[in-house]
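Report on one structure; see the data block that follows.
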Amino acid sequence: MTQQSSNYRYGDRERTAESRIAAAGDRAREFGEEALDRADAMLRPVGLSIRERPMTCLALVGGLAFATGAVWMLRNSRRQSRMDEFMQQVSEFARRPRWW
């Protein structure tokens, strides 16, 4: 039997994979911490404005909710009309005389 020799050992491959995984974990942790710092910096003024002007913030949130609901209802009404159109076509197809 012949054996092929390799330039690396089995343990070296495991160590390099573990070190790559550890490095990726460190990078992910740093990225997460940086994202939390940015979010905190962005949300801090929002929190202060809520404390200072709560009614204004409620009015803004209510207006955004109303606008979102209006857009959602318009979108659903179009879907409903398309469904009605489809049902009308199906009923007309059923009423056509059959030539068989």
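A pairwise comparison of heavy atoms in C57 and S49 identifies SG-O, 3.9 Å as the closest pair. The two residues A41 and P45 come nearest to each other via the heavy atoms O-CD, 3.3 Å.
Cluster partners of F66 are absent, since no Ile, Leu, Val, Met, Phe, Trp or Tyr has side-chain heavy atoms less than 4.5 Å from it.
How far OG1 of T16 is from CD1 of I21: 9.5 Å, rounded to the nearest 0.5 Å. To the nearest 0.5 Å, the span separating CG on D40 from CZ on R44 amounts to 4.0 Å.
Under the rule for a side-chain contact (heavy atoms from CB on, under 4.5 Å), the partners of L58 that lie at least two apart in sequence or sit in another chain are M55. Taking R38 as the reference, E34 meet the side-chain contact (heavy atoms from CB on, under 4.5 Å) condition, with sequence neighbours excluded.
Side-chain contact check for R51 versus L48: some heavy-atom pair is nearer than 4.5 Å.
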